[in-house]
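Here the structure is laid out as structure tokens; the discussion comes afterwards.
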Amino acid sequence: YVAFLSWATWMANGDDAGVQKWTNAWAIIQFTGLPFGIFIGSIYDKVKRRRESQKDSDIQIKRSDRFSSLQASSIVCGLTTLMGVLASFTASFQIESLQWITMLLQLIYRCSLYGNNAQALLDLYPRSQFAKLLGLTFLGSFLGAEACTQLVKISLQYGFSMVYKANSV
């Protein structure tokens with residue numbers, strides 16, 4: 001939230017009404033994420049089914065199943081990476097119409113990231129360990145986010161924030 005708030009403040013040039021507009025828009029856009037997650041999942045399924053339909057013999061079935069899962073995972077991971085890079089690139093321009101695209105790209109990126117995380121855990125580890133491993137990944141994300149928030153608060157307390165120095169010039 002700290003990163004989004006500083007971005008919204010930058011986009012609105014410090015105007016409280018503008019910050020509220022961007023925050024409300026972001027909150028509404030978050031509700032549209034479900035179809036994008038389903039779309040990325042369908043890409044994974046389509047690639048995997050295509051590879052599985054090319055099986056020839058019993059020996060190739062095990063290899064082909066594993067290979068089709070890895071190939072599908074790599075394709076959706078590539079798409080996820082592309083969405084993240086594009087969202088980061090477009091976020092660096094203070095053009096309002098471009099920022100609507102940025103929000104959409106970032107939403108697709110996050111939907112893909114969480115879905116790919118779960119799919120990779122299912123593909124690479126025993127299913128009996130899935131819930132524990134997924135919980136650990138979210139615990140890591142939570143602890144990382146909390147650590148970043150605390151670092152930002154400490155840096156603001158001691159005047160080490162590059163964002164505010166850039167804005168005060």
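All values below come from the heavy atoms of this structure, side chains included, with hydrogens, waters and symmetry mates left out.
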- prompt: Any side-chain heavy-atom pair from Gln106 and Ile29 closer than 4.5 angstrom?
  reply: no

- line: One should read off an interatomic distance between Thr81 OG1 and Leu86 CG, to the nearest 0.5 angstrom, of 10.5 Å

- prompt: Linking I/L/V/M/F/W/Y whenever their side-chain heavy atoms sit closer than 4.5 Å, directly or via other members, would Phe93 and Trp26 fall into one cluster?
  reply: yes

Any residue meeting side-chain contact (heavy atoms from CB on, under 4.5 Å) with Tyr44, in chain and number order, not counting sequence neighbours: Lys48, Ser69, Ala72, Ser73, Val76, Gln119, Asp123

Residues, nucleotides or ligands: over 12 heavy atoms within 6.0 Å of Phe89 CZ: no

Straight-line distance of Cys77 SG to Leu82 CG, nearest 0.5 Å: 12.5 Å

message: Taking CD in Gln20 as the centre, count heavy atoms belonging to other residues, nucleotides or ligands within less than 6.0 Å. Is the count above 12?
response: no

message: Would you compute the distance between atom CG of Leu104 and atom CE of Met83 and round it to the nearest 0.5 angstrom?
response: 9.0 Å

- prompt: What is the distance from atom CD1 of Ile108 to atom CE of Met103, rounded to the nearest 0.5 Å?
  reply: 13.5 Å

- line: All heavy atoms of Leu121 vs all of Thr137, minimum pair found to be CD1-CG2, 4.4 Å

- line: For Ile75 and Val47 the tightest heavy-atom approach is CD1-CG1, 3.7 Å

- request: Calculate, to the nearest 0.5 Å, the distance between atoms CG and CD1 belonging to Asn116 and Ile40 respectively.
  value: 7.5 Å

- prompt: Taking all non-hydrogen atoms of both residues, which atom of Gln71 and which atom of Ser74 are closest, and how far apart?
  reply: O-OG, 2.8 Å

- line: When rounded to the nearest 0.5 Å, the distance separating CH2 of Trp22 from CH2 of Trp100 is 5.0 Å

message: Tell me which pairs pass salt bridge (charged side-chain N to carboxylate O under 4.0 Å, His left out) where either residue lies in residues 8-37, with sequence neighbours left out.
response: Lys21-Glu96

